[in-house]
Amino acid sequence: MKSKASGKKLLIHLALLLGIGITVFPFVWMVLTSFKTVGEAMQIPPTIFPKKFLLDAYKQIVTALPFARVYLNTIISTLVTTVVQVGFCSMAAYAFARLEFPFKNFIFVLILSVLMVPGQIFLIPQYQIIQKLGLLDTIPALFLPNLFSAFGTFLLRQFFMSLPKELEEAALLDGCNRFQIFGKIMLPLTKPGIVSLVIFTAKFAWNDFMWPLIVNTSPKMMTLGPALSTLQGQYTTKYPMQMAGAVMAVIPIIVLFFIFQKQFIEGVAQSGIKG
């Protein structure tokens, strides 16, 4: 029996190692390619390791693009989107979970129905709104359509619904109003959900490609995704430079995940079991 159990564990570990390898390999290939020459990157058969680790691609991308400005645009868009979206979603989620008002369930179902519609459908009306506001090719155009999330509202509502009502009743008896209950009592107790939403939102805003590509066309107003896409040539592409830009773009998200990975995993796990 012990040998069978150990054999199953070995198979499970091997399967997990294989999955990890398949998942990590593209990232490792991207990093190694960023240190290669153009010839090495296009060599057939391909080589995994460069003959010599060079930083030329990283130097070239800084000069080929207004990289500092593009990076700053992405940081501003991500920060504003994340902070405002978490604020709006947490307030909406608390209202749907704890307050009673007319047509509450109908409105909530209406918000959730947005998740069933492809995001591309909203591109044209959102573009027309931004155009009429005179905000094309500006920083606010990057984040204004993303300041609310149906998914974030649903995620945090599950956490608020799991908290005991006695907390609110005790706070009301002590003289707290709804804003004090929400900000000082309920919100801190949903920290795992908040952290999860922060990571989800930051990742989406940081990696967003389609909307920034449409709404901002000048190089100095682009974010990282569209800016890196301009390095794709019609007849040839400098893959080491593209990979160097991708490495520099993905580092902040990796750092964010490793800092908050415990809260992130806890939040995702708990969101699936909250009633």
Side-chain angles (χ1 to χ4, degrees), residues 23-44 46-85 127 130 135-146 198-261:
T23 304
V24 173
F25 180 75
F27 178 76
V28 175
W29 183 272
M30 177 181 71
V31 174
L32 293 175
T33 303
S34 69
F35 294 105
K36 295 179 181 179
T37 63
V38 176
E40 285 180 314
M42 301 181 68
Q43 183 177 331
I44 299 176
T47 57
I48 297 178
F49 295 96
K51 295 179 182 178
K52 186 178 180 180
F53 284 82
L54 303 173
L55 295 175
D56 294 351
Y58 291 90
K59 296 176 183 177
Q60 291 171 3
I61 195 170
V62 174
T63 56
L65 296 172
F67 205 79
R69 180 59 186 270
V70 168
Y71 222 94
L72 180 62
N73 294 343
T74 311
I75 291 173
I76 293 173
S77 176
T78 301
L79 284 176
V80 174
T81 300
T82 303
V83 172
V84 178
Q85 189 176 126
Y127 181 87
I130 296 297
L135 295 175
L136 289 178
D137 222 23
T138 63
I139 297 297
L142 297 172
F143 55 76
L144 280 178
N146 300 318
V198 165
I199 293 178
F200 279 128
T201 307
K203 178 181 175 295
F204 166 79
W206 188 269
N207 294 330
D208 194 14
F209 178 81
M210 183 66 71
W211 176 250
L213 181 66
I214 293 173
V215 79
N216 284 3
T217 54
S218 63
K220 289 186 178 180
M221 289 292 111
M222 288 183 176
T223 55
L224 282 167
L228 292 176
S229 70
T230 62
L231 299 176
Q232 178 99 24
Q234 183 176 1
Y235 301 106
T236 183
T237 301
K238 294 182 178 180
Y239 291 107
M241 195 160 64
Q242 271 197 333
M243 296 303 159
V247 170
M248 296 171 71
V250 79
I251 285 175
I253 296 299
I254 294 176
V255 172
L256 181 68
F257 175 76
F258 276 107
I259 292 174
F260 297 107
Q261 61 177 322

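What you see is a predicted model; the values in this text were computed from it and never measured.
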To the nearest 0.5 Å, how far apart are [atom1] in [X] and [atom2] in [Y]?
X	Y	atom1	atom2	result
Arg69	Met222	CZ	CE	12.5 Å
Lys220	Asn73	NZ	CG	11.0 Å
Ile130	Leu144	CD1	CG	5.0 Å

Testing the basics here: between [X] and [Y], what is the closest heavy-atom pair and its distance to 0.1 Å?
X	Y	result
Ala41	Tyr239	CB-CB, 4.1 Å
Ala141	Pro145	O-CD, 3.7 Å
Leu142	Pro212	CD2-CB, 3.8 Å
Leu224	Thr74	N-OG1, 3.0 Å
Phe143	Thr81	CB-OG1, 3.2 Å

Got a list of side-chain donor-acceptor pairs under 3.5 Å for residues 240-251, not counting sequence neighbours?
none

State which residues pass side-chain contact (heavy atoms from CB on, under 4.5 Å) with [X]; sequence neighbours excluded, sorted by chain then number.
X	answer
Ala202	Thr78, Thr82, Leu256
Ile75	Tyr71, Leu79, Trp206
Thr63	none
Tyr127	Gln131, Leu136, Trp211, Ile214

#### Entry: Residue pairs involving residues 135-144 (criterion side chain to side chain donor-acceptor pair (under 3.5 Å); sequence neighbours excluded)
Asp137-Ser218
### Message
Counting neighbours of CZ on Phe49 that are heavy atoms of other residues, nucleotides or ligands and sit closer than 6.0 Å, is the number greater than 12?
### Response
no
Scan the side chains in residues 24-34 for donor-acceptor partners under 3.5 Å anywhere in the protein, sequence neighbours excluded, and list what turns up.
| unit_1 | atom_1 | unit_2 | atom_2 | d |
| --- | --- | --- | --- | --- |
| Trp29 | NE1 | Thr33 | OG1 | 3.4 |
| Thr33 | OG1 | Trp29 | O | 2.7 |
| Ser34 | OG | Val31 | O | 2.5 |
| Ser34 | OG | Tyr58 | OH | 2.8 |

## Note on the structure
Residues at least two apart in sequence or cross-chain that pass ring pair (Phe, Tyr, Trp, His ring centres under 6.0 Å) with Phe258, listed by chain then number, are none
### Message
With a 3.5 Å distance limit and no angle check, can you tell me whether Glu40 reaches the backbone of Thr47 through a side-chain donor-acceptor pair?
### Response
no
### Message
Taking side chain to side chain donor-acceptor pair (under 3.5 Å) as the definition, give me every residue that meets it alongside Asn146, ordered by chain and number, with sequence neighbours left out.
### Response
none
